[in-house]
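In what follows, a structure is listed as C-alpha cells, so that the remarks can point back to it.
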Amino acid sequence: MFIIYSKLIITNKRQITQISIFWVICLHFLKLLADIISGYFPFALLILCGLYLSFKGRFFQFGKFFDSIKITFKAFRCKEKGKGGISSFQSACTALSATVGTGNIAGVAGALSIGGAGAVFWMWISAFLGMAIKYAEIKLAIIYRENNGKFKGGPMYYIKNGMPSVFKPFSFIYALAAIPAVFCTGNITQTNSAVLSVGESPLIRVIMGVIFTVLTTLVVWGGSSRIGAVTEKIVPIMSVIYIVLSFCIILMNGSYVPVAFAMILKGAFAPRAVTGGAVGSVLAVIITGASRGIFSNEAGLGSSAMAHAVAFDANSETQGLFGIFEVFLDTVVICTLTALTILCSGVNIEYGSIASAELVQGAISLCFGRASHYMITVMMCIFGFSSVIGWAFYGNLCWGFLFGSKGEKIFIAIYPFFCLLGAILNTSVVWDLAEFFNGIMLCVNLPVLIYLSGAVLTERKEINDRSKTKENKRFFAARRSLTYKR
C-alpha cells in the first residue's frame, strides 16, 4: 500500500508540475500579447494606415482641408433639428466632446516634458495622417450604417456589412473591446484627471465624484438626443474659452513666440540641443509627439465614426469633412496652443520627467497669478465632463450592438456611477487597461480601413466628378448647407 501511495504522490506531483508549467507559459504568452497590443505595434499600424490612405488618395486631406473648415462654420450657422435623432452638427460636436479631453492639457504637458519641444512638430505630422484615417472611418460608418428606426453605425457595422462573412466575428470583438475602453478611457481616467486638478484630499474627491455622477446621469439618461443637445452647446463654448485664454498668454509673451517655434523645429531633429541633453534620441521625440497627436484625436479607434453615423441628415462626404476638422481643432489648434502657452511663458520644464496639468497651471500663473489655479481647474473639469458624456454615446451603441435595446438601458443605468470610482481610485492600473483595450480596437479597425479603402476613395472620386457637372449643382449646394438628407 505504501509503495502504491508513494507512486500516486509522485504521479500527482508530476501532473501538478506540468500544469504549473502550462499556466506559466500561458501567463507569459498573455503578457507578451498585452505588451504588443499596448505598445508600439498599434502605433506603427496607425502610421502605416495613414500613409497608405494618404498616398492612395493622393493626400486628399490637404485638398479637403479648407472645405472642412468652411462646412463646419456653415453647419454652425444652420443647425437642424429632426425627430428621433440628432443632426450632423450635433453628431460632430458629440465626437469632438469625446476627443477634446483632459489629455489636450495634461497630455501635451507630458509630451513636452518627455520629448521636448520637438514633440509638437511630430504631433503636427501625425495630425495630417490622422485626418485621412478619420475621414475614411467616418465615411465607411455612413456607407454601411443600418436604419432600424434610428441610424446606427461604426466599425462594428462596417465590419459586419462591408467585410467578407469570415471576418464578421471581428465586429463583436471590436464591440467587446470598446465597452471596457469606454469605462476606462472615456470615464474613469477623464474624471480622475479633472478631479485631481481640483484637489487631492479624500473629501474633495468624493464631492467632485458625486457632482460628476449627478451631471452625467442628467445628460446620459436623456438619451442620444440630450447628449447631442448638450455637446452642441458645450464644445463651441469650451473650445473658444480655451483658445482665447491661450492666445492671451501667448500675446502677453509675444516676443517669445519666434523662440518657441524655433525650439519646436530645432527640437524635432536635434532634441539634445533644446533639452540640455535630457532627451537625446530623435526617435524618442518622434514616438512621443506622433503618439500624443494620434491618440489625442482618436483617429484609428473608430469611436467618433459611431457618433457621425447616427445623424439623421448625414451624408458621407459632409461628415468626412467634419472628421478632418475634428483632427485639426483637437491636435493642430488646441494641443499646439497648450504647447505654446507653456513654451512662451518661460515656466521651468524638467525634461525627462513626467509632467501633467501642473505645468500648464504654472505657465498660466506667471501671467495671471493665483487666478490661474481656478482657470485651469475649470477647464480641466469642462474638458473631462465633455469626454465623459461623449464616450457614453459610444458605449451605448456598442452595448446595444451586443445586447440589444435592453442592454442599452443597463449601460445607461450603470455608466454614471463609474465617475465616482474615477474620482476616488488610483487609476494607474486603469490607464494600462485603457491602453490595452484601445490597442485591440486599433488592431481590429485599421486593417479593415485598408481593406475597405477602395469604397472610400471610389465614392470620393465619384463625388468630385459629379460636383463638376451643372446638373448636380443644386444637389451639392444642398449638401454644403447640410439640408440634403440621405
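The residues of the chain are indexed from 1 along the displayed sequence.
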Item to complete: Please answer whether the main-chain N or O of Cys419 pairs with a side-chain N or O of Asn187 as donor and acceptor at a distance below 3.5 Å.
Response: yes

Worksheet item: Under 6.0 Å from the OH atom of Tyr144, do we count more than 12 heavy atoms belonging to anything else shown?
Response: yes

Item to complete: Check whether any side-chain heavy atom of Glu435 sits under 4.5 Å from a side-chain heavy atom of Cys184, and report yes or no.
Response: no

Fill in: Interatomic distance, Leu51 atom CG to Lys56 atom NZ [nearest 0.5 angstrom]
14.5 Å

Discussion item. Please find the pair of heavy atoms, one from Ala119 and one from Ala111, that lie closest to each other, and give the distance.
Written reply: CB-O, 3.9 Å

Worksheet item: Who pairs with Phe55 by ring pair (Phe, Tyr, Trp, His ring centres under 6.0 Å), at least two apart in sequence or on another chain?
Response: Phe59

Worksheet entry | Distance-only side-chain donor-acceptor flag, His308 / Glu137, under 3.5 Å | no

Practice prompt. May I ask you to check whether Tyr135 and Glu326 show a side-chain donor-acceptor distance below 3.5 Å?
Written response: no

Discussion item. Under 3.5 Å, is there a donor on one side chain and an acceptor on the other for Ser303 and Glu298?
Written reply: yes

Discussion item. Does the plane of the ring in Tyr415 sit parallel, tilted or perpendicular to the ring in Phe183? Use 30° and 60° as the thresholds.
Written reply: tilted

Worksheet entry | Trp391/Phe418 aromatic ring centres below 6.0 Å | no

Worksheet item: What heavy-atom pair brings Ala177 and Ile440 nearest, and what distance separates the two atoms?
Response: CB-CG2, 3.5 Å

Discussion item. Could you measure the distance from the CD1 atom of Ile133 to the CG atom of Leu449? Nearest 0.5 Å is fine.
Written reply: 7.5 Å

Worksheet item: Is there a side-chain contact between Gln319 and Lys139, using heavy atoms and a 4.5 Å cut-off?
Response: no

Worksheet item: In Å, rounded to the nearest 0.5 Å, how long is the span from CZ of Phe121 to CG of Leu265?
Response: 6.5 Å

Worksheet item: Quick one: does Ser239's side chain have a donor or acceptor within less than 3.5 Å of a partner on Pro236's backbone?
Response: no

Item to complete: For Met123 and Cys335, work out which heavy atoms get closest and say how close.
Response: SD-CB, 3.6 Å

Item to complete: Evaluate the side-chain contact (heavy atoms from CB on, under 4.5 Å) criterion for residues Val456 and Leu140: first the C-alpha distance (whole Å), next the side-chain angles of each, then the deciding distance (0.1 Å), finally the verdict.
Response: CA-CA 7 Å; Val456 175; Leu140 288 174; 3.5 Å; yes

Worksheet item: So, Thr185 side chain and Val182 main chain: donor-acceptor pair closer than 3.5 Å or not?
Response: no

Worksheet item: With under 30° as parallel and over 60° as perpendicular, where do the rings of Trp124 and Phe261 fit, or are they tilted in between?
Response: tilted

Worksheet item: Who are the side-chain contact (heavy atoms from CB on, under 4.5 Å) partners of Ala178, not counting sequence neighbours?
Response: Tyr174, Cys398, Met441

Worksheet entry | Minimum heavy-atom distance between Ala309 and Ala141, given as atom pair plus value | CB-O, 3.8 Å

Worksheet entry | Minimum side-chain heavy-atom gap Leu321-Ile138 below 4.5 Å | no

Practice prompt. Answer yes or no: does atom CZ of Phe65 have more than 12 heavy-atom neighbours from other residues, nucleotides or ligands under 6.0 Å?
Written response: yes

Item to complete: Could you tell me whether a side-chain N or O of Ser387 sits under 3.5 Å from a main-chain N or O of Gln190, the two making a donor and an acceptor?
Response: no

Practice prompt. Evaluate the side-chain contact (heavy atoms from CB on, under 4.5 Å) criterion for residues Phe328 and Ser68: first the C-alpha distance (whole Å), next the side-chain angles of each, then the deciding distance (0.1 Å), finally the verdict.
Written response: CA-CA 10 Å; Phe328 171 73; Ser68 70; over 6 Å; no

Worksheet item: Are the side chains of Val444 and Ile159 in touch, meaning some heavy atoms are under 4.5 Å apart?
Response: yes

Worksheet item: Does one side chain, of Thr338 or Tyr242, offer a donor that lies under 3.5 Å from an acceptor on the other?
Response: yes

Worksheet item: Is the NZ or CZ atom of Arg145 both under 6.0 Å from the centre of the six-membered ring of Tyr157 and within 45° of that ring's axis?
Response: no

Discussion item. If you apply the rule side-chain contact (heavy atoms from CB on, under 4.5 Å), what do you find for Asn445 with Leu301, and how did you get there?
Written reply: CA-CA 7 Å; Asn445 186 46; Leu301 284 177; over 6 Å; no

Worksheet item: Below 4.5 Å, heavy atoms only, C-beta onward: do Cys344 and Met252 meet side chain to side chain?
Response: no

Worksheet item: Heavy-atom distance under 4.5 Å between the side chains of Ile71 and Phe322, does that happen here?
Response: yes

Worksheet entry | For the student: nearest non-hydrogen atoms of Cys49 and Leu446, plus distance | SG-CD2, 3.8 Å

Item to complete: Determine whether the side chains of Thr331 and Asn297 contain a donor N or O and an acceptor N or O closer than 3.5 Å.
Response: yes

Worksheet entry | Rounded distance [0.5 Å steps], CD1 in Ile389 versus CZ in Phe212 | 10.5 Å

Discussion item. For a 4.5 angstrom cut-off between non-hydrogen side-chain atoms, does Thr336 reach Val108?
Written reply: no

Worksheet item: Does a side-chain heavy-atom distance below 4.5 Å link Tyr394 with Ser304?
Response: yes

Worksheet, complete the sentence: Between the CE atom in Met263 and the OH atom in Tyr256, the distance rounded to the nearest 0.5 Å is 12.0 Å

Practice prompt. Output the distance between atom CD1 (Ile173) and atom CE (Met156), rounded to the nearest 0.5 Å.
Written response: 14.0 Å

Worksheet item: Is there a donor-acceptor pair under 3.5 Å between the side chain of Thr191 and the backbone N or O of Ile188?
Response: no

Fill in: Exercise: identify the closest heavy-atom pair between Leu53 and Ser453
CD2-CB, 3.6 Å

Item to complete: Could you walk me through whether Leu340 and Val257 pass side-chain contact (heavy atoms from CB on, under 4.5 Å), step by step?
Response: CA-CA 8 Å; Leu340 290 176; Val257 173; 5.5 Å; no

